[in-house]
Each structure stands twice: as C-alpha cells, then as structure tokens.
> 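To start, I am sharing the structure in question, which I have written as structure tokens.
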Amino acid sequence: MPRAALLDVDGTLADTNHLHVVTWWEAFRQAGEQVATHDIHRAIGLGSTDLIAHLLGDDRDRDRDAELSAAHGTLYGTYFERLAAFDGARDLLYALAAREWRIVLATSAGGGELAALRRAIDADDVITGVASADDVSSGKPAPDPVHRALDIAGCGPEDAVFVGDTVWDMRAARRAGVRSVALLCGGIPRHDLEEAGAAAVYATPADLLEHVDSGVLTGGR
C-alpha cells in the first residue's frame with residue numbers, strides 16, 4: 001500500500017507568511033480597512049475569501065471581496081521572483097521520496113502564485129501532484145484539500161501524514177482523519193498547533209528532516 005506525505009507550502013516549505021501579512025495589510029489599508037498585522041498573521045492559510053470573512057466579519061460589504069483579493073494578489077505578485085524556500089525544504093522532500101513516500105502539495109495557492117512557489121522549492125521531480133485552491137470548493141480548515149491530496153496520492157488517510165504550519169492545516173488534517181505534524185517556521189505558537197491537532201511539532205523543515213526516520217511521520221506504525 002502506498003503512503004503519502006501531504007505538505008502545505010506557504011509557511012511550511014516556503015518562507016512567505018510574513019510577505020502575505022504585509023501585502024494583505026496593504027490591501028486592506030488601500031480599501032480603508034484597518035486590520036492589525038497580528039490578526040492577519042493568524043488568518044494566513046485560509047483561502048482569500050475565507051480570510052477576508054474571518055477578518056472583516058459576515059456583515060462586511062461582500063462586493064468588495066474580489067477587489068481586496070485582487071489587490072493582495074497584485075501586491076504579493078511583486079515578490080514572485082524572490083520567493084525563497086526554507087532551509088532543508090527541498091532536502092526533506094527528496095528524503096521522503098527516497099523512502100517511497102508519495103509527495104503531494106496541499107495549498108491555498110493557485111495559478112502564478114503556485115508556479116512561483118514550486119520554482120522556489122525546486123523539487124518538481126519528486127512531487128506526485130498538487131491539491132490547489134483551484135481544485136476544491138472549500139479550502140482549509142475544511143477537509144476538502146486533504147481529501148483531494150489523498151485522491152492524488154492514491155492512498156487512504158491511515159497511510160498518510162500532513163505537514164503544515166497553521167491551525168487551519170491541523171484542523172483540516174484532523175477532519176480528514178490524517179495524522180498531522182506541525183512546523184513552527186510559519187510563526188504560530190506550539191500550543192495553538194497542538195490544540196488544533198498536531199501529533200508532533202518541529203521547528204523547521206530541516207529539523208523535521210533530522211527526525212524523518214524516528215517514526216514521527218507514521219505514529220510508530
């Protein structure tokens with residue numbers, strides 16, 4: 001039976017969360033909305049519409065959602081050629097592939113943003129596929145992206161692990177019945193990640209790489 005490593009990208013493999021914070025902050029500011037960067041940071045990992053709803057509430061002018069999302073996309077797009085993977089991210093993916101894990105990225109990114117992230121990670125030859133924002137109707141914390149990633153990998157939840165950096169990642173994995181491992185490099189506190197369902201927490205991809213043979217990914221199975 002194949003086994004799958006499902007991985008988030010922003011804040012997990014690529015050092016992009018704070019770029020998203022700054023560009024969302026500016027998009028909100030341009031629209032006349034004052035949103036604290038701390039609150040934006042905690043919302044990173046949600047899809048654009050869900051992030052806007054989470055930060056502005058259900059009584060917002062929803063006709064402006066597309067404008068806000070487009071503004072963020074334009075601002076963030078200025079960084080596409082400079083996006084950087086975390087130290088050890090590429091090596092982690094190659095180490096997993098060498099141990100016969102099928103690697104699937106599960107991300108809220110799509111289109112040109114996803115292409116830029118994949119260039120930064122530079123590991124396309126070991127990536128089985130991608131479950132992106134373009135492939136599902138509901139993003140994290142709904143389980144849909146994880147279910148889609150499992151379909152791509154061709155395995156069940158009991159034969160997979162999800163690696164992410166946000167509470168939304170952990171909740172999505174838990175709802176899909178997949179073991180989750182969290183990384184701290186996205187900036188979310190350990191306690192919050194554990195409370196959301198993380199079975200183990202490591203600092204960075206390089207840190208997880210050092211423990212790849214410890215049984216943490218399989219839960220000892």
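Nothing fancy with the numbering, it's 1 onward along the sequence. If you're wondering where the values come from, they're calculated on a predicted model, not measured in any experiment.
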> Test of understanding: with side-chain hydrogen bond (donor to acceptor under 3.5 Å, both in side chains), list the residues that count as partners of Thr107, not counting sequence neighbours.
none
> Using the test salt bridge (Lys or Arg N to Asp or Glu O under 4.0 Å), find all partners of Asp165 that sit at least two apart in sequence or belong to another chain.
none
> Can you name the residues that form a side chain to side chain contact (heavy atoms under 4.5 Å, CB included) with Ala206, not counting sequence neighbours?
Asp87, Thr204
> Who are the salt bridge (Lys or Arg N to Asp or Glu O under 4.0 Å) partners of Arg175, not counting sequence neighbours?
none
> Got a sec, which pairs hit side-chain hydrogen bond (donor to acceptor under 3.5 Å, both in side chains) with one end in residues 29-38, sequence neighbours left out?
Glu26-Arg29, Glu26-Gln30
> Considering residues at least two apart in sequence or located in another chain, which fulfil the salt bridge (Lys or Arg N to Asp or Glu O under 4.0 Å) criterion with Arg42?
Asp192
> With sequence neighbours left out, what residues match Ser132 under side-chain hydrogen bond (donor to acceptor under 3.5 Å, both in side chains)?
Asp135
> Show me the donor-acceptor pairs, under 3.5 Å and distance only, between side chains in residues 92-105 and residues at least two apart or in other chains.
unit_1: Tyr94; atom_1: OH; unit_2: Arg90; atom_2: NH2; d: 3.4
unit_1: Tyr94; atom_1: OH; unit_2: Asp125; atom_2: OD1; d: 2.4
unit_1: Tyr94; atom_1: OH; unit_2: Asp125; atom_2: OD2; d: 3.0
unit_1: Arg99; atom_1: NE; unit_2: Asp213; atom_2: OD1; d: 2.7
unit_1: Arg99; atom_1: NH1; unit_2: Ala95; atom_2: O; d: 3.0
unit_1: Arg99; atom_1: NH2; unit_2: Asp213; atom_2: OD2; d: 3.0
unit_1: Arg102; atom_1: NH1; unit_2: Ala153; atom_2: O; d: 2.7

> Looking at residues at least two apart in the chain, or sitting in another chain, which of them share a side-chain hydrogen bond (donor to acceptor under 3.5 Å, both in side chains) with Arg119?
Glu81
> Give me the other members of the hydrophobic cluster that Ile52 sits in, counting Ile, Leu, Val, Met, Phe, Trp and Tyr linked by side-chain heavy atoms under 4.5 Å, directly or via other members.
Val21, Trp24, Trp25, Phe28, Val35, Ile40, Ile44, Leu46, Leu51, Leu55, Leu56, Leu68, Val167, Trp168, Met170, Leu184, Ile188, Leu193, Val201
> Which residues pass the salt bridge (Lys or Arg N to Asp or Glu O under 4.0 Å) test with Glu210, not counting sequence neighbours?
none
> When clusters are formed from ILVMFWY side-chain contacts under 4.5 Å, directly or step by step, what else is grouped with Val136?
none
